[in-house]
Amino acid sequence: MKITIPYKPRPQQAMVHKKLDEHRYAVLLCHRRFGKTTLCLNHLVKKCLTNKNFNPRYHYICPTYKMAKSIGWDFLKYYTKNIPGTKFNESELRADFINNSRITLLSSENPDSIRGIYSDGVIVDETSQITSELIDEVITPALSDRRGFMYMVGTPAGMQNILYDYYNKAQADDKWFLFKAKASETKIVEKDELEAALSVMGEAKYNQEFECSFIGNIRGSIYGDLINELEDNKRIGGVPYDPAHLVNTAWDLGYTDATAIIFFQQINHNIHIIDYYENEKEALPHYVEYLKNKDYIYGNHYAPHDIEHTDFGSGYTRREVASNLGIRFRVVNRTSLEDGIHAVKMILPRCKIDSDNCSDLIIALRHYHRKYNDKERVYKLKPVRDFSSHPMDALRYLATGIQEQQLTNKNRQLIAEGDYRIL
């Protein structure tokens, strides 16, 4: 029997349907009014009607029951009303089809109520509002018996949620399908509507809701635009260690606060940032041991000028202590904060960053910002001092250290001089 449902996907949606059929896992970042709910529910309907397994079960999970009832349920009934033999259960938000397949709408409000289910496929809507426990303890076990699929869908809402975590994972793992739909690129929403939304919402909120920006809610972001460009150019993702090149490190040293270490390789003109480590209230031997436990072969270790400060307890500088432990630091010349930020902006377009090993570094890059002075209506010159400061300081030392190394190499003597006289 040929069944026609009242759904004609747009070209972007048709492409997504095809890619979803090829992947078990996916992250879909969609701007408002893209039609993600319509896309997802119709994808589940197709799966239900084409699955020949015994009693196929599919689930569409929303953050709240109210959201599932008011949005998803009406769409599901509309697109399946012409399918013969379909039965709807209003109390359980469930649609049963003639081949014994089923789509159930669920909420994440009470994870214990949905433990023990099995599923051929799960779509999680507004994933930024879902807890990691639901994914790890409920959904993943439910998919294991039938090797079901899991698609995470939503619009960015900051970086402290699992949508951002899995977005980073999808960038580094070829098994995941990653799709980002920006309103400026899809052209689904008319231009005058976008302009009206921008005037009402403001640029920050607009970028978050319509341009799928994770820094949309961070005013005064310093490196945000550059990170977006890196993502658009596919320079954030899987960046494996290349044993043919040395690994350099850049440090921001601390004890009462955090110590941050960036691991990178210089390959031709590119800078591959392959790893990142951060800890606090640990002495220098801890970090030296951490480096030695890695399989990397090291080149230069860059550190700020304060590594030369003498510890009054031991009478040694931290540079001397590190040397005794087997780490010889190159001290980066002291520069102004703004010069260091400029140096980072100059090298970032050359960088490739591993989204899995360096997720904390990427979060810091997005978050590092200047505070807006509402009274004077200007941004303060000095960036806000918070969790992002230490990794960004390490990145500044990386940038300035590389520049100094290039200048040193330019002045290196390449030809031996033999016409000299011994005094």
Side chain of [X], backbone of [Y]: donor and acceptor closer than 3.5 Å?
X    : Y    : value
D354 : N357 : yes
R350 : H269 : yes
N300 : N248 : no
T400 : G340 : no
N51  : K47  : no
E278 : P391 : no
S119 : Y58  : no
E280 : T259 : no
S108 : P63  : yes
S70  : K66  : yes

Between the side chains of [X] and [Y], does any donor sit under 3.5 Å from an acceptor?
X    : Y    : value
N270 : R235 : yes
T104 : H59  : no
Y166 : N168 : no
Y206 : Q208 : no
Q171 : W176 : no
S221 : H369 : no
D125 : Y60  : yes

Aromatic ring pairing [X]/[Y], orientation class (parallel under 30°, perpendicular over 60°, tilted between):
X    : Y    : answer
W251 : Y287 : perpendicular
Y223 : Y368 : parallel
F214 : Y167 : tilted
Y298 : Y296 : perpendicular
H17  : H43  : parallel

Sub-6.0 Å ring centroid separation between F149 and Y25: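 No.
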Ring centres under 6.0 angstrom apart (Y151, H23):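 Centroid distance Y151-H23: not below 6.0 Å, so no.
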Worked check of side-chain contact (heavy atoms from CB on, under 4.5 Å) between D21 and K46: CA-CA 11 Å; D21 287 335; K46 176 187 174 184; 3.2 Å; yes
Do the side chains of [X] and [Y] get close enough for a salt bridge, i.e. N-O under 4.0 angstrom?
X    : Y    : answer
E211 : K182 : no
D393 : R385 : yes
E308 : R318 : no
K69  : E92  : no
D339 : R396 : no
R146 : D120 : yes
E22  : K18  : no
R94  : D96  : yes
E229 : K234 : no

[atom2] on [Y] to [atom1] on [X], rounded to 0.5 Å:
X    : Y    : atom1 : atom2 : result
E126 : I71  : CD    : CD1   : 7.5 Å
N99  : C48  : CG    : SG    : 7.0 Å
L398 : I262 : CG    : CD1   : 5.5 Å
C62  : I130 : SG    : CD1   : 8.0 Å
R115 : N110 : CZ    : CG    : 9.5 Å

To check you understand the geometry: which heavy-atom pair defines the closest contact between [X] and [Y], and what is its length?
X    : Y    : answer
I5   : N42  : CD1-OD1, 3.2 Å
C212 : A181 : SG-O, 3.1 Å
F264 : Y302 : CZ-CE1, 3.8 Å
C358 : I274 : SG-C, 3.8 Å

Tell me, do [X] and [Y] make a side-chain contact under 4.5 Å, heavy atoms counted?
X    : Y    : answer
V344 : M392 : no
V239 : I353 : no
V122 : V124 : yes
I271 : K352 : no
L41  : Y79  : no
Y397 : D252 : yes

Side chain to side chain donor-acceptor pair (under 3.5 Å) assessment of H301 paired with T249: CA-CA 5 Å; H301 302 283; T249 63; 2.6 Å; yes
Exceeds 12 heavy-atom contacts within 6.0 angstrom, atom CG of N268: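 No, because the 6.0 Å sphere around CG of N268 holds 12 heavy atoms or fewer from other groups.
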K36, NZ: over 12 other non-hydrogen atoms inside 6.0 angstrom: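 Yes, the 6.0 Å shell around NZ holds more than 12 heavy atoms from other groups.
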N82 vs T80, side chain to side chain donor-acceptor pair (under 3.5 Å): CA-CA, chis, key distance, verdict: CA-CA 6 Å; N82 296 332; T80 58; over 6 Å; no
Verdict with supporting geometry, Y277 and Y290, ring pair (Phe, Tyr, Trp, His ring centres under 6.0 Å): CA-CA 9 Å; Y277 181 66; Y290 181 84; 3.8 Å; yes
Could you pull out all donor-acceptor pairs under 3.5 Å where a side-chain atom in residues 157-164 meets a protein atom, sequence neighbours excluded?
from, atom 1, to, atom 2, distance (Å)
N161, OD1, L163, N, 3.2
N161, OD1, Y164, N, 3.1
N161, ND2, A157, O, 3.0
N161, ND2, G158, O, 3.3
Y164, OH, R366, NE, 3.0

With T186, the side-chain hydrogen bond (donor to acceptor under 3.5 Å, both in side chains) member among H31, Q12, R33: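 Of all the options given, the one that passes is H31.
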Stepwise side-chain contact (heavy atoms from CB on, under 4.5 Å) test for L20 and F177: CA-CA 7 Å; L20 291 181; F177 169 55; 3.9 Å; yes
Stepwise ring pair (Phe, Tyr, Trp, His ring centres under 6.0 Å) check, H272 with Y241: CA-CA 9 Å; H272 290 193; Y241 163 56; over 10 Å; no
